[in-house]
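For the single chain, residues carry numbers from 1 onward in sequence order.
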Amino acid sequence: MEESRAIGSFVVWDYLVFAGMLLISASIGIYYAFAGGGQQTSKDFLMGGRSMTAVPVALSLTASFMSAVTVLGTPAEVYRFGAIFSIFSITYFLVVVISAEVFLPVFYRLGITSTYEYLELRFNRLIRLCGTVLFIVQTILYTGIVIYAPALALNQVTGFDLWGAVVATGVVCTFYCTLGGLKAVVWTDVFQVGIMVAGFASVIIQASITQGGFNKILSDASNGGRLNFWNFNPNPLQRHTFWTIIIGGTFTWTTIYGINQSQVQRYISCKNRLHAKLSLYINLVGLWVILICSVFCGLSLYSRYYDCDPWTSKKVSEVDQLMPYLVLDILRNYPGVPGLFVACAYSGTLSTVSSSINALAAVTVEDLIKPYFKSLSEKSLSWISQGMSVLYGALCIGMAAVASLMGALLQAALSIFGMVGGPLLGLFSLGILVPFANSIGALAGLLAGFAISLWVGIGAQLYPPLPERTLPLSLEIHGCNSTRNVSDWISTTEMPFSTSAFQIHNVERTPLMDNWYSLSYLYFSTIGTLVTLLVGILISLSTGGRKQNLDPQFLLTKQDFLSNFDAFKKKNHVLSYKSHPVEDGGTDNPAFNHIELKATDHSSKINGTRL
């Protein structure tokens with residue numbers, strides 16, 4: 001044991017810090033379960049009673065997609081492929097603008113709990129069901145990766161018990177989601193963003209002290225070719241170039257921010273539309289801060305190990321373990337700080353998982369239960385929502401076991417979002433932007449887009465692209481034995497990069513594999529979206545999509561954009577966007593939504609079509 005202490009390991013303080021983080025998260029759940037009369041209706045539980053303000057929601061949006069996949073995956077990504085990842089800052093800006101100006105106005109105006117309700121209002125019930133099922137499958141898969149990934153990396157580096165960590169994460173999450181509903185999810189996220197920034201900051205500060213300042217880190221990075229910001233190669237097969245990140249990245253992330261239930265549910269829960277938009281724009285700042293932190297962590301990783309790469313010299317078995325390795329290496333004299341970093345990785349997980357669980361519960365209740373069981377009272381719906389949270393929590397822990405068979409993290413996660421999210425984004429864009437799209441076109445488009453993106457995605461898992469497509473930068477090990485003598489510790493099963501349990505080895509490379517399957521993973525979603533839009537438009541036109549009479553409030557109108565400037569004209573105008581909750585006047589029929597739409601002559605027509 002003596003020699004392995006050279007790198008550092010977990011001590012009591014670290015476990016205490018970690019347990020403290022879990023306890024605080026759980027207690028926030030307990031607080032919101034009883035505060036303000038508890039969770040009376042399913043609306044309270046799933047939407048926070050539509051009373052949230054912008055800043056907590058913004059932090060919560062940031063937290064959910066900055067999962068442990070980001071905390072562990074991005075620095076390793078920068079370490080291997082260079083800082084071109086930071087071009088994502090431009091992508092995030094585009095994504096937030098698109099979400100706030102295209103999708104948010106329509107969803108907010110309709111006052112829906114589940115984004116898939118929109119699909120029924122705009123198309124029909126069948127398409128809503130397709131959307132719902134796709135979402136549920138996608139989210140459970142993704143959540144499995146998110147729970148398992150950090151547990152694995154931390155287990156191999158710190159000896160933190162693997163399944164203990166997985167089950168603990170799952171149970172705590174399920175616990176506060178079930179008790180506190182959306183309010184608890186949002187406020188635990190706010191706390192967890194704080195922890196994540198603290199974890200990153202401790203690593204960055206300590207790294208710059210050990211390496212001798214920021215400038216040293218940057219000069220090491222530029223000597224190693226890690227500051228490769230400007231790669232304008234337009235070839236779509238190259239994994240990360242300026243164009244794949246701006247174009248592909250924008251499509252991939254818009255599927256997350258624009259239409260993913262776990263995000264939309266949050267900004268719709270704001271108290272008015274101004275707050276909803278603000279929350280997205282404030283969240284942009286949060287995304288930037290975390291992106292800069294994680295890129296800098298990646299550069300510090302390189303600066304620390306530029307002549308002795310722990311991954312090539314088999315000190316860690318997976319790229320995702322580099323971050324925890326660095327933490328134990330440079331922070332070993334500060335008991336409790338490695339624990340803070342683990343807490344940081346886990347708060348990323350908790351926030352993502354909790355929002356997924358809450359979103360899955362919302363979708364199940366709104367799309368699969370309410371339409372078919374009309375007689376349920378609000379109280380029993382609230383109970384069912386809580387039951388659903390427990391069920392999905394258990395399912396996600398189960399998925400974590402499946403995720404243990406899949407390969408590298410960041411990519412697996414984004415590929416899943418791309419493959420499923422792309423066609424869905426196409427479907428919503430058809431609804432919101434194309435007035436003549438009809439349900440036949442939408443369904444055909446969705447199926448076509450889904451088929452094609454599955455084809456590319458699964459092909460890319462089976463026959464991974466060649467290294468000259470991904471361009472990993474060089475890693476050196478020549479300085480190992482001379483400088484830092486660390487015994488080879490906890491070596492686990494060796495896995496080559498981008499493994500997946502299903503990979504097919506030593507096969508003739510066909511042109512199909514070298515071109516189609518080698519497509520940058522960021523373009524999966526772009527292809528899905530564009531195919532869906534194209535097929536949807538063509539088929540809608542040929543099946544008489546022009547003739548249908550649509551209610552304009554399901555579309556994006558010019559008024560939606562101009563209303564951004566209303567605030568400058570006169571103040572009292574803003575209030576009319578609040579869709580005001582109307583007390584349920586004796587209707588127990590959930591088809592009549594309790595949030596009446598602010599539309600004078602259409603309201604009867606809409607409720608009529610929703611029966």
Side-chain angles (χ1 to χ4, degrees), residues 1-10 14 68-69 71-83 85 149-160 162 199-200 202-204 206-211 216-217 220-221 223-226 294-334 337-338 341-342 344-345 407-410 467 470 472-499:
M1 192 60 212
E2 278 311 293
E3 32 199 325
S4 73
R5 181 63 197 161
I7 183 77
S9 58
F10 253 44
D14 298 323
V69 174
V71 176
L72 303 173
T74 314
E77 162 80 37
V78 172
Y79 176 69
R80 285 193 66 220
F81 297 102
F85 199 83
L152 176 72
L154 298 167
N155 152 267
Q156 291 180 330
V157 176
T158 57
F160 208 87
L162 178 62
F200 268 141
S202 61
V203 175
I204 290 175
Q206 183 57 35
S208 59
I209 294 172
T210 7
Q211 293 313 106
K216 174 79 169 62
I217 292 182
D220 278 350
N223 294 342
R226 290 299 186 270
S294 52
V295 169
F296 211 86
C297 281
L299 296 179
S300 323
L301 259 178
Y302 181 71
S303 170
R304 178 81 176 164
Y305 299 123
Y306 71 96
D307 56 352
C308 173
D309 166 41
W311 181 53
T312 330
S313 57
K314 297 286 180 283
K315 293 197 178 60
V316 294
S317 59
E318 208 39 292
V319 178
D320 306 314
Q321 296 161 19
L322 286 169
M323 247 340 245
Y325 184 87
L326 174 79
V327 169
L328 287 183
D329 182 12
I330 63 179
L331 291 169
R332 58 170 176 262
N333 304 327
Y334 299 89
V337 184
F341 179 76
V342 172
C344 159
L409 293 188
L410 192 66
T470 53
L473 300 169
S474 62
L475 301 167
E476 298 291 330
I477 51 173
H478 63 75
C480 276
N481 304 340
S482 52
T483 49
R484 304 193 183 111
N485 185 11
V486 182
S487 67
D488 286 347
W489 47 290
I490 320 185
S491 64
T492 46
T493 51
E494 257 114 55
M495 301 166 88
F497 182 71
S498 160
T499 49

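Partners of T210 by side chain to side chain donor-acceptor pair (under 3.5 Å), not counting sequence neighbours: none found. Applying the ring-ring contact (aromatic ring centres under 6.0 Å, His included) criterion to F296, with sequence neighbours excluded, gives F214.
Judged by distance alone, with hydrogens and angles left aside, the side-chain atoms of E77 form no donor-acceptor pair with the main-chain N or O of F85 at under 3.5 Å. A side-chain donor-acceptor contact under 3.5 Å links S313 to the backbone of D309.
In terms of heavy-atom proximity, R226 sits nearest to S474 at NH2-O, 3.0 Å. Across all their heavy atoms, A83 and L299 have their closest contact at CB-CD2, 4.4 Å. Between K216 and Q211, the shortest heavy-atom distance links the atoms CG-O, 3.0 Å. Minimum heavy-atom separation, S303 to D220: OG-OD2, 2.9 Å. Annotation for P324 and D320: closest pair CD-O, 3.7 Å, computed over non-hydrogen atoms. The shortest heavy-atom contact between L328 and P338 is CD2-CB, 3.8 Å.
A side-chain N or O of Y305 and one of D329 form a donor-acceptor pair less than 3.5 Å apart.
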*Start with the C-alpha gap between V71 and S294, add the side-chain angles, then the distance that decides, and say whether side-chain contact (heavy atoms from CB on, under 4.5 Å) holds.*
CA-CA 7 Å; V71 176; S294 52; over 6 Å; no

*Begin from the C-alpha positions of L331 and F341 and carry the test side-chain contact (heavy atoms from CB on, under 4.5 Å) through to its verdict.*
CA-CA 10 Å; L331 291 169; F341 179 76; 5.7 Å; no

*asked:* Assess the residue pair Y302 and V78 against the criterion (side-chain contact (heavy atoms from CB on, under 4.5 Å)); give the C-alpha distance rounded to whole Å, side-chain angles, the decisive distance to 0.1 Å, and a yes or no.
replied: CA-CA 9 Å; Y302 181 71; V78 172; over 6 Å; no

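Screening V203, T74, L326, V327 for a side chain to side chain contact (heavy atoms under 4.5 Å, CB included) involving C297 leaves a single residue, V203. Here the rule is side chain to side chain contact (heavy atoms under 4.5 Å, CB included) with P310, and of I477, L322, V319 only L322 fits it.
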